[in-house]
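Here is the structure we will look at, set down as structure tokens.
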Amino acid sequence: MLVITDGEGILGIGDWGVNGIQIAIGKLAVYTLAAGLDPETCLPIALDCGTNNKELREHPLYLGERKERLTGVEYDASIESFIQSAKEVFPEAVFHFEDFGRENASRILETYRDQVCSFNDDIEGTGAMVVAAALATTRVSKIPLDKQRIIIFGAGTAGIGIANQISHEMMHITQQPFETAKQAFYLVDKNGLITNDMTDLTDGQQKYARNEEDFTQLDTTSLLELVKAIKPTMLIGASGVAGAFTEDVVREMANNTIRPAILPLSNPTKLAEAKASDLITWTKGKALIVTGSPTSPVEYEGQTYEIGQANNALLYPGLGLGTVVSRAQKITSQMLREAAHAVSNQVNLTHKGAALLPPVSTLLETSTQVAYAVCQAAIKEGVAKTENITQEDVQAAIWTPVYKEV
Ligand code: NAD
């Protein structure tokens, strides 16, 4: 398992150059803790492409190249050279891309998807996690996923990954093409609703751009106006804009849908689009909430509401373990879909106020179920090199920290 970063988009905090290695080490530690991946098979990799963080470049203890980031063909050539070398040295490795900058992340993923067994946690892991959360909300709201109207506030790496993974799920449910599925989405970025007259859209944003002629009467930079007009059933925040889901926005949404699904995913907590306790109060306990950061249960009018956290650690370690156990040649959308369903199936929603996602305290159990589901999907997709994988095979692959006999 190779976790690779170029350090440009570390968490929400930006360009950390080669210091980004810490995130690769951290993610691998989670692979081991949450899914029992043998640390001997894990390798963290920081690609030194320079850094645009001037403070770091000038710091006497900075270990990386003191140059601005490579761009364009030079950057692409260095990534290509790395991939080809890594493929030669580790022909069976899983390439987990982590915290690349917004402009590069999806291009690298698309370029190498079929060349190496690869996956981007910020795009695909987040997308699949949110599918797991969204499926849980639909079980309570009784509005099927393909009947939802979804505003995604913040159309960056995570926002586009979420839109892609949910639309893939919708296409699977309805057997309709992407052109139909995309009608459910309204993506909002820093210049407002994404429309086809905008000239600076990323490829990912362009796919979801709305016809600007349909919105001429509206101030599309106002989330409140958009909520009034669109009447969303689901509102997802991946913008890093603290408090963007204001009381009037949330109350307006609750006026139009009985159980509004609201997912303020930006983290850390101080960057969240809304606080769970406010969402519960403003909607009188009706909001179906998933947050990006851990959130304490909320007490409201004698009822306790547990709040699920869309923690990617619920998904990617099991996805990785399943990929390793099945020795899959690639990670397909179907494998991601099954991983999302396996996470969502772990939650028991029979009592009022139940969390919509499993707790991190039972990570290993969740990962085992995810890994098994991923193995079955890989076999079905024809990308597995190992056939007939049982639950016991997955259990047997889990590394435990015990001293070897000498
Ligand atoms: P990103 O920088 O790629 O995307 C952020 C997007 O928000 C950008 O496109 C930016 O233009 C947009 N934005 C900025 N100001 C805005 C405004 N006023 N209105 C609307 N959009 C605005 O970052 P990312 O990697 O996509 O992460 C975004 C947030 O999501 C971060 O806070 C991150 O922590 C969080 N996140 C959560 C999870 C999770 O909960 N599992 C996973 C991934 C990311």
Side-chain angles (χ1 to χ4, degrees), residues 5 7-16 20 23 27 30 97-107 109 120-134 151-166 186-195 198 200-206 208-209 219-227 235-246 249 262-274 276 289-295 307-317 319 339-340 343 356-358 360:
T5 185
E8 188 177 358
I10 299 296
L11 297 169
I13 53 179
D15 187 343
W16 281 89
I23 199 85
K27 285 270 173 166
V30 175
F97 298 117
E98 183 69 32
D99 285 354
F100 281 73
R102 195 181 83 165
E103 300 303 320
N104 295 321
S106 55
R107 199 182 63 256
L109 185 65
N120 180 310
D121 189 46
D122 309 300
I123 302 174
E124 297 173 298
T126 301
M129 249 335 283
V130 178
V131 167
I151 292 186
I152 298 182
F153 185 80
T157 307
I160 297 296
I162 292 165
N164 287 347
Q165 205 62 40
I166 298 182
Y186 300 82
L187 267 53
V188 181
D189 208 71
K190 56 181 186 295
N191 296 323
L193 180 72
I194 290 183
T195 47
M198 293 178 166
D200 56 350
L201 300 181
T202 63
D203 292 349
Q205 292 173 338
Q206 233 152 26
Y208 296 93
D219 174 5
T220 55
T221 61
S222 156
L223 183 58
L224 179 61
E225 292 302 308
L226 289 170
V227 168
L235 177 61
I236 300 173
S239 63
V241 181
F245 298 169
T246 54
V249 164
I262 307 182
L263 290 73
L265 297 180
S266 290
N267 52 42
T269 308
K270 65 174 187 212
L271 294 184
E273 286 81 4
I289 303 165
V290 170
T291 53
S293 304
T295 306
I307 310 296
Q309 185 200 356
N311 188 333
N312 289 22
L314 292 166
L315 193 132
Y316 76 81
L319 177 68
V343 172
L356 295 159
L357 286 171
V360 280

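Computation of the quantities below employed the complete heavy-atom set of this structure, encompassing side-chain atoms and omitting hydrogens, waters and symmetry-equivalent molecules. Ligands are counted one by one from 1 in listed order, and the atoms in each one are counted from 1 as well.
- Remark: of the listed residues Asp200, Leu201, Thr220, Asp200 is the sole one forming a side chain to side chain contact (heavy atoms under 4.5 Å, CB included) with Asn191.
- Among the atoms of Thr291, none of the N or O lies under 3.5 angstrom from an N or O of ligand 1.
- Ligand 1 is never approached by Met129 to a heavy-atom distance shorter than 4.0 Å.
- Contact between Pro358 and Val343 at its shortest, heavy atoms only, is CG-O, 3.7 Å.
- Within the 4.0 Å heavy-atom criterion, the part of Ala155 lying near ligand 1 is the backbone and not the side chain.
- Two residues are said to be in side-chain contact when any heavy atoms from C-beta on lie closer than 4.5 Å; Gln205 and Ile160 meet this criterion.
- Numbered from 1 in the order shown, with element, the atoms of ligand 1 that lie under 4.0 Å from a heavy atom of Ser266 read 29 (C), 30 (O), 32 (O), 35 (C).
- Of the N and O atoms on the side chains of Glu98 and Thr5, not one donor lies less than 3.5 Å from an acceptor on the other residue.
- Of the candidates Asn267, Asn312, Asp189, Ile160, Asp189 brings a heavy atom nearest to atom 8 (C) of ligand 1.
- Partner of Ile151 under the side chain to side chain contact (heavy atoms under 4.5 Å, CB included) criterion, out of Leu187, Ile236, Leu223, Leu193: Leu223 alone.
- The closest non-hydrogen atom to atom 39 (C) of ligand 1, taken over Gly159, Pro264, Ala310, comes from Ala310.
- Heavy-atom proximity to Arg102, at under 4.0 Å, picks out these atoms of ligand 1: 3 (O), 8 (C), 9 (O), 11 (O).
- Close approach of ligand 1 to Gly292 (heavy-atom distance below 4.0 Å) involves ligand atoms 40 (O).
- Close approach of ligand 1 to Phe153 is summarised as follows: ligand atoms under 4.0 Å from at least one heavy atom of the residue are 19 (N), 20 (C).
- Around atom 27 (O) of ligand 1, the closest heavy atom drawn from Ala158, Ala105, Gly156 belongs to Ala158.
- Within ligand 1, counting atoms from 1 as listed, the ones closer than 4.0 Å to a heavy atom of Leu265 are 35 (C), 36 (N), 37 (C), 40 (O).
- Within the 4.0 Å heavy-atom criterion, both parts of Thr157, backbone and side chain, lie near ligand 1.
- Contact annotation: for Val241 versus ligand 1, heavy atoms closer than 4.0 Å belong to the side chain alone.
- Residue contacts with ligand 1 for Lys190 involve both N, CA, C or O and side-chain atoms from C-beta outward (heavy atoms, distance under 4.0 Å).
- Scanning for ring-ring contact (aromatic ring centres under 6.0 Å, His included) contacts around Phe100 gives Phe97, with sequence neighbours left out.
- Residue Thr126 has at least one heavy-atom neighbour below 4.0 Å for each of these atoms of ligand 1: 42 (C), 43 (C).
- Here the closest non-hydrogen pair linking Thr126 and Ala158 is CG2-CB, 4.0 Å.
- Rounding to the nearest 0.5 Å places CG of Leu224 at 10.0 Å from CG of Asp219.
- Separation of atoms CD (Glu273) and CG (Leu263) is listed at 10.0 Å; rounding is to 0.5 Å.
- By the 6.0 Å contact criterion, CG on Asp203 is open, its count of non-hydrogen atoms from other residues, nucleotides or ligands being 12 or less.
- Compare Ser106, Ala238, Gly154 by their heavy atoms: the one nearest to atom 5 (C) of ligand 1 is in Ala238.
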